[in-house]
Asker: 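Could you have a look at this structure, given as structure tokens, before my questions?
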Amino acid sequence: MEVILPMMMTIIEVLILIVGFVCLIKGADIFVNGSSQLAKRFKVPGLIIGLTIVALGTSAPEMAVSTIAAIQGANEIALSNVVGSNIFNLLAVLGICAIIFPLPVDKTVLRRDFPVTIIVTLIVLFVSCGSVFLSGKFTEYSVEQDVGNVSRFLGIILILLFIIYIVVLIISARKNKEQEADEGTILPLWKSILFIVIGLALVILGGQAVVYSAKEIARALGMSETLIGLTIVAVGTSLPELVTSIMAARKGETGMAIGNVIGSNIFNLMFILGVSALINPVPVNMASVYDLIILAVISVITFLLALSSKKIDRFEGVIMVLLYIGSVVFAVVR
């Protein structure tokens with residue numbers, strides 16, 4: 001009986017994992033359909049929809065985790081969740097999508113959105129813990145030692161920057177009305193919105209189910225809490241971005257796939273981190289400084305890869321996935 005009960009629990013967790021993945025895949029499919037139909041109806045480029053509706057929707061798990069962490073005073077989780085998710089989005093999500101379907105990168109993304117992610121990352125890094133760089137004595141700090149914080153003032157600045165960014169996107173959308181819409185393929189407005197809501201709900205529920213079951217299975221296999229947090233939880237909150245971007249790429253909505261990733265990263269850094277800091281100032285330890293530096297470096301590397309040929313091809317996708325694996329190994333070893 002003592003052996004049967006744990007085995008039954010493991011079987012249940014595996015079933016939850018399978019159901020979670022089914023919800024993620026089907027939900028993402030419905031969500032992308034609804035979003036692309038909405039874009040056609042209002043003659044808005046898929047890139048803009050990806051940067052706004054899709055990005056904000058797929059970042060719901062990160063928003064929930066970071067906000068709850070801030071309310072409960074576990075602010076380091078709020079920062080590590082945002083930084084870890086952004087690293088995963090840039091390297092793993094874009095990399096996997098490029099391996100499946102080479103991604104052409106819109107010149108607007110290269111000119112406006114990529115630079116925004118890099119600049120905001122650098123703002124958070126230098127404003128929150130500039131004293132470390134001024135001292136130049138990195139080796140004197142332990143990994144867990146607090147060396148700065150994301151203050152409420154910086155939180156307000158990040159939220160204001162996010163509002164300005166959204167206004168710029170709205171203005172850009174109004175100027176880009178030349179997209180042709182095939183009237184015969186456009187769903188009614190209510191149905192498009194219903195698809196978006198149902199798809200998003202399935203994606204979020206599926207993501208939560210996958211994270212829960214994967215954590216329990218990992219514990220049963222003897223994985224440490226730290227390793228679970230660095231891998232499963234970080235990846236789990238970004239599963240909606242991964243599945244939604246893959247589905248968008250497969251349907252030829254490459255603008256939406258890239259817009260989802262870049263938009264999610266901007267939303268995470270500006271809005272989620274800003275709100276978290278507004279609730280409670282977020283302490284930054286030395287480990288988070290290293291992670292922010294890694295995020296800034298890979299943001300520049302991904303930007304240069306996309307800039308070199310105005311697309312991310314399969315070979316570059318493989319490099320990006322390998323870089324993500326390397327960053328996880330470094331975090332575990334550290």
Side-chain angles (χ1 to χ4, degrees), residues 51-52 55-91 93 113-133 146-169 207 229-230 233-238 240-241 260-300 302 327 331:
L51 285 165
T52 52
L56 271 60
T58 56
S59 286
E62 287 95 331
M63 183 70 183
V65 170
S66 291
T67 305
I68 291 168
I71 291 169
Q72 294 178 349
N75 298 75
E76 288 180 10
I77 294 174
L79 179 59
S80 61
N81 176 47
V82 165
V83 176
S85 293
N86 281 18
I87 291 172
F88 180 81
N89 288 346
L90 275 176
L91 293 181
V93 176
D113 306 305
F114 254 118
V116 167
T117 61
I118 295 169
I119 291 166
V120 175
T121 302
L122 293 174
I123 288 172
V124 172
L125 176 60
F126 289 114
V127 174
S128 64
C129 47
S131 58
V132 176
F133 296 93
D146 288 346
V147 293
N149 70 84
V150 182
S151 64
R152 284 193 172 94
F153 177 73
L154 179 54
I156 292 169
I157 296 298
L158 291 172
I159 292 169
L160 288 175
L161 286 173
F162 180 71
I163 292 169
I164 292 169
Y165 175 74
I166 292 298
V167 169
V168 170
L169 286 185
L230 287 169
V233 176
V235 173
T237 55
S238 292
E241 284 92 339
N260 173 36
V261 168
I262 304 302
S264 291
N265 280 15
I266 291 171
F267 182 71
N268 290 346
L269 274 173
M270 290 187 185
F271 191 75
I272 295 178
L273 188 57
V275 169
S276 298
L278 207 57
I279 295 169
N280 258 324
V282 180
V284 180
N285 60 25
M286 202 60 209
S288 294
V289 174
Y290 290 132
D291 292 335
L292 281 165
I293 292 171
I294 290 170
L295 177 58
V297 170
I298 66 164
S299 296
V300 173
T302 308
S327 72

Asker: Does anything in residues 157-169 form a side-chain hydrogen bond (donor to acceptor under 3.5 Å, both in side chains)? List the pairs, not counting sequence neighbours.
Answerer: Asp113-Tyr165
Asker: Could you measure the distance from the CD1 atom of Ile298 to the CD1 atom of Ile118? Nearest 0.5 Å is fine.
Answerer: 10.5 Å
Asker: Mind listing the closest non-hydrogen atom pair of Ser264 and Asn86 along with its distance?
Answerer: O-OD1, 4.5 Å
Asker: Specify the closest pair of heavy atoms between Val150 and Ser128, including all atoms of both residues, with the distance to one decimal.
Answerer: CG2-CB, 4.0 Å
Asker: Find the distance between OG1 (Thr117) and CG (Asn89) and round it off to the nearest 0.5 Å.
Answerer: 11.0 Å
Asker: How long is the straight-line distance from OG of Ser327 back to CZ of Phe88, given to the nearest 0.5 Å?
Answerer: 10.5 Å
Asker: Is Ile262 close to Leu90 at the side-chain level, that is, under 4.5 Å between some pair of heavy atoms?
Answerer: yes
Asker: Can you name the nearest heavy-atom pair linking Ala277 to Ser151, along with the distance?
Answerer: CB-O, 3.6 Å
Asker: Side chains of Leu269 and Thr121: closer than 4.5 Å at any heavy-atom pair?
Answerer: yes
Asker: Sequence neighbours excluded and cut-off under 3.5 Å, please list the side-chain donor-acceptor pairs for residues 152-161, or say none.
Answerer:
| residue | atom | partner | partner atom | Å |
| --- | --- | --- | --- | --- |
| Arg152 | NE | Leu278 | O | 3.0 |
| Arg152 | NH2 | Ile279 | O | 3.2 |

Asker: Would you say Asn268's side chain and Val82's backbone share a donor-acceptor pair under 3.5 angstrom?
Answerer: no
Asker: Roughly how far, to the nearest 0.5 Å, is the CG atom of Leu91 from the OG atom of Ser299?
Answerer: 8.5 Å
Asker: Measuring only between side-chain heavy atoms, which start at C-beta, is Val83 closer than 4.5 Å to Ser288?
Answerer: no
Asker: Taking the side chain as everything from C-beta on, heavy atoms only, tell me whether Ile123 gets closer than 4.5 Å to Ile119.
Answerer: yes
Asker: Who are the ring pair (Phe, Tyr, Trp, His ring centres under 6.0 Å) partners of Phe271, not counting sequence neighbours?
Answerer: Phe162, Phe267
